[in-house]
Each structure stands twice: as C-alpha cells, then as structure tokens.
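Below you'll find the structure, written out as structure tokens, and then a few comments.
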Amino acid sequence: MAWSDDGEKLASGSADGSIRIWSMEKIAASVIQSGNFDKISKLSSGFGLELSGGHTRSVNQLQWCPFKPNVLASCSNDKCVKVWDISQNQPNILSIQIEIEVLTLCWHPLKQILAVGTKDDLILFYQLSDDLSSANLMKTMNFTSEVNEISWSANGNDLAVALGIGIVEIYRFTLDSVERIKSLKAHTADCFCVGFKGNDLLAVGSSDAQITLWSRSSSNDKDFLCF
C-alpha cells in the first residue's frame with residue numbers, strides 16, 4: 001500500500017495483480033453518515049477506483065510520484081513496471097518491460113527518474129519523459145545480494161539500498177555517476193526496509209526483529225552513526 005503525500009488517496013496492490021485507488025474523502029463521508037466511528041468492517045468498491053490493464057501477477061510495491069500527485073508507479077512479479085496518471089478518466093499507462101521479476105522501486109524526489117530493484121540483484125535507473133510516454137534506461141548497478149528496498153534522500157543526492165546480507169549501502173547520486181560513500185553493517189540478518197527522513201535520518205528494518213536508526217555525521221556528510 002502507499003499513501004499519497006496529501007493523504008487523500010491510498011493505493012493498494014494485490015496478489016492477483018490488481019491495483020485500487022481508495023478515496024479517503026469518500027470513506028470519511030461514509031463513516032460520518034453511518035455514525036460508525038469505531039471501524040469499517042469492509043470497504044465497499046464504491047470507495048475506490050480499480051485501475052484496468054494492471055499487472056498479471058502479484059504487485060510488490062507502489063509509490064506515488066513526490067511532485068506529481070496523480071501519478072503512481074507500480075512493480076510486479078510479472079516483470080513489469082507501470083506508471084499511471086489517474087487524473088485522466090482512463091489512466092495513462094507507461095509499461096516498462098524488465099527481464100526478471102521486479103521487487104522494489106523508488107521515485108527520485110525532484111526528477112522524473114525511477115530506481116527499480118530486480119530479483120537478479122540489479123538496480124535500473126529510468127529517465128521518464130515529461131508526458132510519461134517513454135522511459136530511457138540511464139544506468140545499471142549490480143549487487144552481490146538481493147536488493148530489498150531503495151530510498152532517496154529528500155534532496156535526491158543520496159540513495160540508500162537495503163540488501164539481503166544485513167547491509168545498507170549509501171550512494172551519492174548524480175545524473176553522470178553513482179558513487180558508494182558508505183556501507184552500514186546495520187543488522188545481523190536481511191535488511192528488508194530502508195527509508196530516509198529528510199536528508200540526514202535513516203531507518204532500517206530487518207528480519208532479525210530489530211529496527212535501527214541512523215543519523216548523518218555533522219563532521220562528515222558521508223558518514224552515518226547509529227543512535
């Protein structure tokens with residue numbers, strides 16, 4: 001699932017490949033009208049829009065574009081990334097075919113660039129056209145362990161990658177190069193989740209049943225210290 005930045009829309013992806021956009025305005029109105037403020041036992045399909053032409057296998061991740069509030073990206077085990085513009089009556093779809101299952105994706109916070117993580121331990125960087133009609137593969141990164149999640153810093157300068165060996169790697173990103181600046185031995189088991197808060201704070205979740213929090217060093221912007 002993924003919340004839009006304004007909190008008005010919730011996107012959900014299912015094991016059958018379907019994607020639905022839920023309207024918080026409609027749900028809130030229904031709760032107020034019914035007087036049931038405790039819970040909604042089952043959400044009606046009338047509260048949301050199902051996107052047609054979706055994936056054919058399980059949806060692995062969804063993410064709203066940080067600077068285009070009606071644009072959503074999704075990835076799936078069907079070896080495809082899709083970009084949706086739900087501002088249209090029939091949402092525009094850009095399909096990017098990948099050679100293997102796609103596990104994760106992340107929008108650059110300022111540019112129309114998608115970082116896509118695959119099952120064969122790659123991150124692919126795609127530059128999307130302004131009208132979302134095409135995507136150009138910019139560069140590829142190879143890893144020796146599974147890429148579980150990707151997160152950009154708020155300014156887009158740094159990229160954090162959660163790997164399946166208890167490590168999070170931090171990269172300095174420009175349009176011309178990607179340089180590894182730090183490798184964090186964050187956990188004793190696979191790192192499944194990683195997320196920047198702003199530019200200097202980083203949270204990591206792992207299958208070792210722990211969460212670690214990291215802060216960028218005030219004396220060296222390439223170093224991170226665990227709380």
Side-chain angles (χ1 to χ4, degrees), residues 1-13 24 60-69 71-75 102-118 121-126 138-139 141 143-227:
M1 294 189 292
W3 287 101
S4 60
D5 285 347
D6 59 12
E8 295 182 359
K9 300 181 290 294
L10 177 65
S12 64
M24 293 301 104
N60 288 327
Q61 193 163 18
L62 301 156
Q63 191 174 83
W64 294 94
C65 179
F67 48 86
K68 289 189 174 183
V71 173
L72 177 75
S74 61
C75 65
V102 187
L103 301 180
T104 185
L105 55 76
C106 189
W107 285 98
H108 189 286
L110 303 173
K111 303 178 186 298
Q112 287 199 166
I113 295 173
L114 270 176
V116 176
T118 69
D121 312 330
L122 297 177
I123 294 181
L124 310 174
F125 294 91
Y126 288 94
M138 300 169 53
K139 54 176 64 86
M141 294 174 63
F143 293 84
T144 58
S145 179
E146 62 192 44
V147 175
N148 288 322
E149 194 163 55
I150 308 164
S151 180
W152 299 91
S153 59
N155 59 15
N157 291 343
D158 293 334
L159 185 74
V161 183
L163 299 175
I165 52 176
I167 288 176
V168 171
E169 293 190 342
I170 313 294
Y171 291 85
R172 185 62 44 85
F173 180 89
T174 69
L175 294 179
D176 298 321
S177 66
V178 182
E179 172 199 4
R180 186 173 66 181
I181 62 172
K182 191 68 177 180
S183 182
L184 306 176
K185 181 57 180 174
H187 289 272
T188 58
D190 292 0
C191 292
F192 284 136
C193 306
V194 64
F196 264 107
K197 174 64 175 178
N199 297 316
D200 300 325
L201 297 177
L202 193 69
V204 183
S206 168
S207 59
D208 64 7
Q210 296 188 68
I211 295 172
T212 54
L213 300 176
W214 302 78
S215 176
R216 193 187 302 270
S217 170
S218 58
S219 60
N220 181 359
D221 76 341
K222 295 183 178 182
D223 197 15
F224 286 78
L225 306 174
C226 189
F227 281 26

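No experiment lies behind these values; they were computed from the predicted model shown.
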Exercise for the section: Mind checking side chain to side chain donor-acceptor pair (under 3.5 Å) for S177 and listing every partner two or more places apart, or none if nothing turns up? Expected result: T174
Exercise for the section: Nearest 0.5 Å please: distance from the CD1 atom of I113 over to the CH2 atom of W152. Expected result: 6.0 Å
Fill in the blank from the handout: Interatomic distance, OG@S219 vs CG@L225, rounded to 0.5 Å, equals 7.5 Å
Practice task
Answer yes or no: are there more than 12 heavy-atom neighbours, outside I211 itself, under 6.0 Å from its atom CD1?
Solution key: no
Practice task
List in chain and number order the residues that pass salt bridge (Lys or Arg N to Asp or Glu O under 4.0 Å) with E169, two or more places apart in sequence or in another chain; answer none if no residue qualifies.
Solution key: R180
Handout entry: ring-ring contact (aromatic ring centres under 6.0 Å, His included) partners for F125, two or more places apart
Key = F173
Practice task
Could you point out which residue of V116, L163, L103, T118 forms a side chain to side chain contact (heavy atoms under 4.5 Å, CB included) with V147?
Solution key: L163
Exercise for the section: Spell out, as yes or no, whether a donor-acceptor pair under 3.5 Å connects the side chain of N199 to the backbone of A154. Expected result: yes
Problem - S206 to A189 - nearest heavy-atom pair and separation - result: OG-O, 3.3 Å
Problem - Partner residues of K111 under the salt bridge (Lys or Arg N to Asp or Glu O under 4.0 Å) criterion, sequence neighbours left out - result: none
Problem - Which atom of S207 lies closest to which atom of F192, heavy atoms considered - result: CB-CE1, 3.4 Å
Completion exercise
side chain to side chain donor-acceptor pair (under 3.5 Å) filter on N148, not counting sequence neighbours, yields E146
Practice task
Check whether any side-chain N or O of H108 sits under 3.5 Å from a backbone N or O of L110 as a donor-acceptor pair, and report yes or no.
Solution key: yes
Exercise for the section: Scan for side chain to side chain donor-acceptor pair (under 3.5 Å) pairs involving residues 188-197, sequence neighbours excluded, and state none if there are none. Expected result: T188-D208
Handout entry: side chain to side chain contact (heavy atoms under 4.5 Å, CB included) partner of C65, chosen from L72, D5, V71
Key = V71
Handout entry: Listed partners of D221 passing salt bridge (Lys or Arg N to Asp or Glu O under 4.0 Å), at least two apart
Key = R172
Handout entry: Partner of K182 by side chain to side chain contact (heavy atoms under 4.5 Å, CB included), out of V168, N220, D223, D158
Key = D223
Handout entry: Rounded distance [0.5 Å steps], NZ in K139 versus CG in L175
Key = 6.5 Å
Practice task
To the nearest 0.5 angstrom, please state how far the CZ atom of R216 sits from the CG atom of L202.
Solution key: 9.0 Å
Handout entry: Residues which pass side-chain contact (heavy atoms from CB on, under 4.5 Å) with C193, listed by chain and number, not counting sequence neighbours
Key = E149
Exercise for the section: Mind checking side-chain contact (heavy atoms from CB on, under 4.5 Å) for C75 and listing every partner two or more places apart, or none if nothing turns up? Expected result: N60, Q61, V81, V102, L105
Handout entry: side-chain contact (heavy atoms from CB on, under 4.5 Å) assessment of V161 paired with V194
Key = CA-CA 7 Å; V161 183; V194 64; over 6 Å; no
Completion exercise
Rounded to the nearest 0.5 angstrom, the SG-CG distance for C106 and L114 is 8.5 Å
Practice task
For A2, check side-chain contact (heavy atoms from CB on, under 4.5 Å) against everything at least two apart and list the hits.
Solution key: L62, W64
Fill in the blank from the handout: Tightest non-hydrogen contact, residues S145 and G164, listed as OG-N, 3.2 Å
Exercise for the section: Measure from the side-chain N and O atoms of S151 to the backbone N and O of F196, and report whether any donor-acceptor pair falls under 3.5 Å. Expected result: yes
Practice task
Starting at CZ of F224, measure out to CG of L201 and round the result to the nearest 0.5 Å.
Solution key: 9.0 Å
Exercise for the section: Flag the pair L184 / T212 as yes when at least one side-chain heavy-atom distance between them is below 4.5 Å, and no otherwise. Expected result: no
Problem - Partner residues of Q112 under the side-chain contact (heavy atoms from CB on, under 4.5 Å) criterion, sequence neighbours left out - result: F67, K68, Q127, L128, D130, L132
Practice task
State which residues pass salt bridge (Lys or Arg N to Asp or Glu O under 4.0 Å) with D6; sequence neighbours excluded, sorted by chain then number.
Solution key: K9
